[in-house]
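Report on the following structure.
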Amino acid sequence: KKAYDFREIEARWLPFWEQNGTFTVDQSDPRPKKYVCDMFPYPSGDLHMGHAEAFAIGDVPARYWRLRGYNVLHPIGWDSFGLPAENAAIKNNAHPAEWTYNNIETQAASFKRYAISADWSRRLHTSDPIYYRWTQWLFLQFYKQGLAYRKDSPVNWCPSCQTVLANEQVVGEGVCERCGTAVIKKALNQWYFKITDYADRLLDDMKDLEGTWPERVLAMQRNWIGRSTGASVRYTVEAADSDGARELEVFTTRPDTLYGVTFMVVAADADLALELVTDAQRAELEAYREKLGSVSEIERQSADRERTGVFLGRWAVHPLTGERIPVWASDYVLADYGTGAVMGVPAHDQRDLEFALAMGIPVNVVVDTGEKNPAETGTATAGDGVAVNSPKWDGLSKTEAIAKSIEILEAEGLGESKVNYRLRDWLLSRQRFWGAPIPIIHCAACGEVPVPEDQLPVQLPTDLRGEQLAPKGKSPLAGAEEWVNVTCPACGGPGTRDTDTMDTFVDSSWYYIRYIDPTNESQVFPTEQVNQWLPVDQYVGGVEHAILHLLYSRFFTKVLYDLGLVNFTEPFKALMNQGQVLNGGKAMSKSLGNGVNLGEQLDHFGVDAVRLTMVFASPPEDDVDWADVSPGGSAKFLARAWRLAQDVTSERGVDPAAGSSALRAVTHRTISEAQQLLDDQKYNVVVARVMELVNAARKEIDTGAGGSDPAVREAVEVIAQILSLVAPYTAEDMWAMLGHEASVANSTWPAFDEALLVEDTVTAVVQVKGKLRDKLEVPADISAEDLEAQALALPKIQKYVEEGGGVRKVIVRAPKLVNVVTG
Ligand code: ANZ
Ligand code: ZN
């Protein structure tokens with residue numbers, strides 16, 4: 001007999017699948033659909049262990065649903081714009097396209113070898129003009145709706161990458177997501193998408209995702225959108241110097257604490273501070289602002305930071321008491337949240353308390369929470385309580401007082417109820433080269449002019465390379481004069497192209513829709529077909545995309561819905577976040593030197609062994625520590641499974657009912673359990689069940705009726721079918737050895753016979769003097785002695801026996817009944 005040789009098996013089946021188009025989807029297939037999508041890769045070199053895990057996991061539901069009889073779409077593509085290509089081009093005096101497409105080819109070859117059940121005919125790359133033409137087209141639709149606009153504003157700027165960053169790309173203590181450099185603020189004119197218009201829908205529609213998206217992802221999105229309800233309150237600031245009396249509006253979640261306001265604070269870095277400050281205080285404010293530039297928002301907001309600030313020399317008037325309140329500027333108030341100004345209530349807000357204590361401002365308690373005076377403890381009391389020192393709502397609870405205070409503010413024209421969001425508009429301009437150019441022409445006479453749709457795509461110039469792409473604080477595209485200078489489409493006069501490119505998250509916000517028809521040149525996508533395939537039934541990818549990519553994709557889908565281009569409002573019905581692949585308990589990294597090379601693992605153990613190891617190691621959402629797993633053990637198991645097929649000698653079509661009933665019971669229980677486990681996405685346990693079935697089949701061959709038993713054939717066919725979800729090469733080879741001609745991937749999910757799912761445990765009842773006192777789960781074939789011993793060991797039974805004066809006699813009817821006679 002031949003030995004299991006994964007190299008030979010891989011070489012046999014890879015061309016088979018390709019030649020037969022095994023995974024190519026037929027659009028006209030009438031069966032119900034399932035759409036499984038993996039977050040597409042960035043072409044940063046060859047595939048790595050993280051890809052291997054994510055794609056092994058994503059392939060399980062795709063292949064499972066295929067066996068269950070669905071028309072399964074499982075596409076693949078590349079997120080191929082972005083900075084690393086540009087940096088490589090600068091270093092190697094090349095064009096970013098060279099690096100990008102070389103890497104894509106390398107990854108594509110590895111993906112094919114990795115035997116993902118992907119429909120390769122739908123492959124797309126976001127850096128292809130045929131793709132980014134439609135990214136640009138979508139930008140123009142957003143623009144026409146007023147959802148893409150430009151504004152001057154202080155933006156996050158990475159001094160190292162020399163580009164702006166979205167808020168979402170500023171991480172940790174205010175550093176660049178990509179390079180870790182501290183991010184600074186810089187005033188620039190930039191393009192934004194008005195995602196804030198969709199804040200409520202992005203929040204409210206999450207109810208449809210509960211249960212099918214990981215709760216922590218939903219929580220992160222909720223927090224990122226950050227809806228808070230409260231009131232806006234208008235204060236009057238008294239005139240000073242040449243500035244007349246003016247209004248100062250604040251947002252507060254606690255209008256019930258209005259009587260406790262003892263100061264106002266405006267964001268020191270906001271223009272408002274400069275407008276309010278008196279001549280006498282101006283120099284002090286300016287010095288304070290100078291120092292602020294380098295401090296990140298997170299640091300400024302942090303609890304244990306020393307409170308600093310500058311009195312602006314101005315006084316506000318309390319709207320209810322008429323008292324004069326000093327107006328300060330400080331860094332703990334953020335310029336771009338709410339109105340950039342707060343009413344200070346030191347008794348009930350910790351940051352306000354620290355500020356008041358540092359500046360010698362009085363602390364007035366207006367909510368009695370039963371706790372000690374914050375002025376003495378240094379801890380603000382923020383919880384529920386009863387309103388005090390608040391003439392118009394004394395005695396009310398927090399909730400009642402909030403409602404009452406808003407009612408009074410509204411009645412007196414001093415404010416109104418207000419909802420505020422943490423979410424900011426999506427900054428999409430990038431001063432980098434390797435992205436989709438923003439399709440706008442600037443004209444001195446006409447202003448912003450959209451590039452006419454029939455002139456799309458605005459293609460990137462091909463002649464810029466190396467140093468010409470280096471960051472200079474403005475887009476490298478500005479240096480391509482011939483490209484920049486064009487005639488204005490509106491007036492025919494001289495115009496210049498917008499030289500910014502779009503954030504690559506724009507590209508990835510709609511690729512899962514483009515997969516439906518990636519080569520379409522006349523349309524962004526065919527609505528009718530898209531509505532058939534989407535939303536995606538199972539989306540698979542890393543939790544690092546919990547906010548950015550997933551929020552943006554949800555936003556895009558809602559805009560497309562509003563444009564009438566799709567009939568669904570959420571793109572991904574279900575989301576799975578696979579864990580990370582670690583080595584020695586730590587993420588793999590160059591600096592730790594604990595990286596594992598995927599190619600070497602595949603060469604050494606074979607594709608199936610690596611895939612099986614990834615799936616078997618842990619539940620999909622947990623991390624896999626490569627130091628703790630055994631791809632060698634997986635390879636041995638696969639060889640063992642494969643040899644079963646060699647030993648099957650019964651003909652196809654013989655009724656397995658004639659064979660071993662014990663093996664059949666294991667086979668059918670395995671199918672039934674695997675089905676449930678697959679539906680519950682406990683893929684690792686499915687592998688464990690198949691291992692048990694392999695053992696049972698081997699035992700039957702070696703010590704039972706042998707390979708001619710039709711129950712053995714039944715078991716081995718089931719093994720090949722279930723194994724095809726994780727070890728496609730081995731399964732395919734087994735299937736062929738069992739005499740099948742078509743691919744196992746297109747066979748069926750095996751049916752199980754309910755009658756064979758015999759319960760192997762039963763419930764025994766235990767009586768004391770004929771009265772039911774306890775129950776016990778026992779094996780159906782338990783002996784009378786064992787059952788008696790277990791029953792008498794039950795604590796409840798011991799208690800009754802003792803009360804009854806000891807055991808007189810025990811009647812046992814195994815496996816169902818024990819009756820203890822006492823006295
Ligand atoms: C008075 C007050 C009393 C507040 C109290 C809280 C507790 P969230 O939940 O994040 O929306 N605030 C408003 N604008 C701010 C800004 N630009 N920078 C920093 N803080 C700001 O928080 C809203 C609360 O944060 C507001 O309610 C305001 O302080 C503060 F016992 O007003 B509060
Ligand atoms: Zn013009």
Side-chain angles (χ1 to χ4, degrees), residues 153-154 167 185 196 199 203 222-235 248-273 276 292 295-303 305 307-309 316 318-320 325 327-356 361 363-369 371 373-375 379-390 393 397-399 401-402 405-406 409 414-415 417-424:
S153 71
N167 282 343
K185 290 279 180 188
T196 51
L203 260 182
R222 248 180 239 119
N223 183 46
W224 188 261
I225 298 166
R227 177 162 67 193
S228 52
T229 53
S232 62
V233 185
R234 285 182 288 276
Y235 287 74
L248 180 57
E249 188 172 329
V250 300
F251 170 71
T252 175
T253 48
R254 296 291 305 275
D256 61 313
T257 62
L258 203 56
Y259 286 99
V261 175
T262 51
F263 60 100
M264 313 283 290
V265 195
V266 302
D269 53 343
D271 289 345
L272 187 59
L276 284 172
L292 265 188
V295 186
S296 79
E297 279 192 11
I298 295 173
E299 210 176 309
R300 287 164 46 179
Q301 287 264 83
S302 82
R305 191 174 149 76
R307 300 291 161 210
T308 56
H318 193 287
L320 298 182
I325 322 167
V327 182
W328 288 71
S330 172
D331 65 359
Y332 82 92
V333 173
L334 304 178
D336 63 354
Y337 186 71
T339 62
V342 306
M343 57 183 221
V345 185
H348 307 296
D349 180 280
Q350 188 60 28
R351 287 167 305 172
D352 290 348
L353 179 62
E354 287 162 14
F355 189 78
I361 296 170
V363 178
N364 292 350
V365 174
V366 291
V367 181
D368 182 358
T369 64
E371 290 154 286
N373 188 345
T379 305
T381 57
D384 276 348
V386 178
V388 292
N389 303 322
S390 304
W393 52 82
S397 72
K398 181 169 155 183
T399 321
I402 288 175
S405 58
I406 291 175
L409 287 168
L414 298 168
S417 72
K418 168 103 187 156
V419 181
N420 228 324
Y421 302 89
R422 212 174 84 89
L423 185 69
R424 299 280 83 110

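The first residue of the sequence shown is numbered 1, and numbering continues consecutively from there. What you see is a predicted model, and the numbers here were worked out from it, not measured in a lab. Order of appearance sets the numbers: ligands from 1, and atoms from 1 within every ligand.
Between Tyr332 and Asp352, some side-chain heavy-atom pair lies under the 4.5 Å cut-off. Looking at heavy atoms from C-beta onward, His348 lies in side-chain contact with Val365 at the 4.5 angstrom threshold.
Of the candidates Tyr337, Tyr332, Tyr421, Tyr332 brings a heavy atom nearest to atom 19 (C) of ligand 1. With Val233, Thr229, Thr253 as candidates, the residue nearest to atom 23 (C) of ligand 1 on a non-hydrogen basis is Thr253.
Residue His348 approaches ligand 1 through these ligand atoms, each under 4.0 Å from one of its heavy atoms: 5 (C), 7 (C), 31 (F). Close contacts of ligand 1 with Val345, meaning ligand atoms under 4.0 Å from a residue heavy atom, involve 1 (C), 3 (C).
Residue contacts with ligand 1: Val333 is included, with a non-hydrogen atom under 4.0 Å away. In this structure, Ser228 is part of the shell of residues with a heavy atom less than 4.0 angstrom from ligand 1.
Taking any N or O of Asp352, backbone or side chain, none lies under 3.5 Å from an N or O belonging to ligand 1. For Thr252, a nitrogen or oxygen atom sits less than 3.5 Å from a nitrogen or oxygen atom of ligand 1, counting backbone and side chain alike.
The aromatic rings of Tyr337 and Phe251 sit perpendicular, their planes meeting at an angle over 60°, well past the 30° parallel limit.
In this structure, OH on Tyr235 lies 5.0 Å from CE on Met264, to the nearest 0.5 angstrom.
The two residues Val367 and Gly383 have their closest heavy-atom pair at CG1-O, 4.5 Å. Considering all non-hydrogen atoms of both residues, Ser405 and Asp256 come closest at OG-N, 3.6 Å. Summarising the geometry of Asp269 relative to Ala335, their closest heavy-atom pair is OD1-CB, 3.7 Å, with the distance given to 0.1 Å.
Of all the heavy atoms of Thr257, the ones lying under 4.0 Å from any atom of ligand 1 belong exclusively to the side chain.
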